[in-house]
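Let me begin by presenting the structure, written as structure tokens, before commenting on it.
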Amino acid sequence: MIDLRSDTVTKPSEKMRKAMYEAEVGDDVYGEDPTVNKLEELAAHILGKEDALFVTSGTQGNQIAGLVHCNPGQEVIMEAEAHIFLYEAAALSAFAGVQIKTLDGVNGAMEPSDVEAAIRGDDIHQPETGLICIENTHNKAGGAVVPLENMELIYHLSKKQGIPVHLDGARLFNAAVASQTLVKEFAKYTDSVQFCLSKGLGAPVGSMIAGSSDFISQARKWRKRLGGGLRQVGVLAAPGIIALEENVTLLEKDHENAKRLAEGFQNIDGLDVRNKVETNIILVDITKSNKTTERFIDQLKESTILAGSFGPNIIRFVTNNGITKEDIDQVLITVQKILNN
Ligand code: TLP
């Protein structure tokens with residue numbers, strides 16, 4: 001199978017599996033797992049934050065950040081197609097007791113003046129604004145990189161009002177590689193960051209959250225409360241270390257493959273690539289093919305290619321480290337054949 005449904009589908013490499021087998025472990029709830037401690041120190045260092053915490057998933061990381069930053073009855077500002085809003089089962093509302101205020105963005109980026117206008121004033125009728133969330137890269141906007149300058153402006157205006165900024169950086173390393181910017185530079189304009197080890201970086205499990213020491217000690221408590229305090233979890237942290245030390249540069253290949261696929265799709269009648277492909281996500285509009293997304297996806301599957309539906313008439317293809325240039329060419333030949341029939 002050529003699996004382009006997501007970059008979550010990657011399998012751990014031999015080296016990762018060996019590291020898992022050999023990992024030194026201890027009870028992480030006591031803070032005694034040396035492999036987890038090493039991963040957390042490494043993540044904090046790379047992001048330029050005081051501390052970091054290993055969490056089970058991107059969703060859990062985002063939720064913990066919301067729980068630390070917000071009080072029930074507050075409001076959280078985010079872009080209208082943010083993952084936290086669309087794909088986390090309303091967890092922030094369910095657990096943190098907040099409501100979400102969405103703003104339409106351009107390529108995933110909120111206009112700083114819109115954010116400023118959305119911040120609530122001192123009014124007995126209104127909730128307080130408790131948090132601003134940014135997503136970079138932006139999944140629904142096709143892996144778009146939210147520009148550093150945009151994050152800087154939003155951070156400065158939020159600081160004036162004393163409101164924290166959380167970054168859902170599930171694919172932050174893709175943003176960094178595509179814009180040739182250190183992740184630290186993006187993290188500078190945030191109070192907390194979540195990034196995934198188990199997407200393009202290829203680890204089998206886990207995400208990191210990072211922030212100040214105080215933020216992380218509160219996050220540790222929330223993680224425990226949510227049942228996410230794990231014990232000899234160094235076996236899962238070990239591949240995370242390899243992901244950070246060795247796999248960041250591999251993202252460049254995923255981006256090249258994504259561009260090759262997008263260019264190929266653009267030359268096929270019946271397909272329209274909807275996004276400017278900056279990283280590893282391609283959104284293809286199949287309206288002109290006169291096929292339903294279900295039919296198209298089924299036909300791809302019959303030809304051993306997997307892709308996902310991502311809205312009416314939109315199919316998402318995500319390159320990842322299990323995909324080669326030859327796979328991309330194979331996909332293009334197959335898609336052309338499907339459309340010829
Ligand atoms: N995204 C998944 C699906 O949930 C859509 C994917 O295949 O792209 N933030 C962003 C921006 C994400 O794209 C995702 C996962 C998450 C958070 C959640 O991460 P996990 O799946 O580890 O909970």
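Quick caveat: nothing in here was measured; it's all calculated off a predicted structure. Note: hydrogens, waters and symmetry copies are ignored here, and every other heavy atom, side chains too, is used. Order of appearance sets the numbers: ligands from 1, and atoms from 1 within every ligand.
A salt bridge does not link Lys38 to Glu41: none of the charged nitrogens lies less than 4.0 Å from a carboxylate oxygen. Contact check on Lys325 versus Glu256 returns no salt bridge, with no Lys/Arg side-chain nitrogen under 4.0 Å from an Asp/Glu carboxylate oxygen.
Residues forming a side-chain contact (heavy atoms from CB on, under 4.5 Å) with Tyr21 (at least two apart in sequence, or on another chain): none.
In this model, no donor atom of one side chain and acceptor atom of the other lie less than 3.5 Å apart for Gln232 and Asp33.
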Ligand 1: which protein N/O atoms lie under 3.5 Å from its N/O atoms?
unit_1	atom_1	unit_2	atom_2	d
ligand 1	1 (N)	His83	NE2	3.2
ligand 1	4 (O)	His83	NE2	2.8
ligand 1	7 (O)	Ser6	OG	2.7
ligand 1	7 (O)	Arg316	NH2	2.9
ligand 1	8 (O)	Asn139	ND2	3.0
ligand 1	8 (O)	Arg171	NH2	2.7
ligand 1	8 (O)	Arg316	NH1	2.9
ligand 1	8 (O)	Arg316	NH2	3.3
ligand 1	9 (N)	Asp168	OD1	3.0
ligand 1	9 (N)	Asp168	OD2	2.7
ligand 1	13 (O)	Asn139	ND2	2.9
ligand 1	13 (O)	Arg171	NH1	2.9
ligand 1	19 (O)	Lys199	NZ	3.0
ligand 1	22 (O)	Gly58	N	2.8
ligand 1	23 (O)	Gly58	N	3.4
ligand 1	23 (O)	Thr59	N	2.9
ligand 1	23 (O)	Thr59	OG1	2.6

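Applying the salt bridge (Lys or Arg N to Asp or Glu O under 4.0 Å) definition to pairs two or more places apart or across chains, those involving residues 278-296 are Asp272-Lys288, Arg274-Asp285. Under the salt bridge (Lys or Arg N to Asp or Glu O under 4.0 Å) criterion, the residue pairs touching residues 16-32 are Lys18-Glu22, Asp27-Arg231, Asp28-Arg223, with sequence neighbours excluded.
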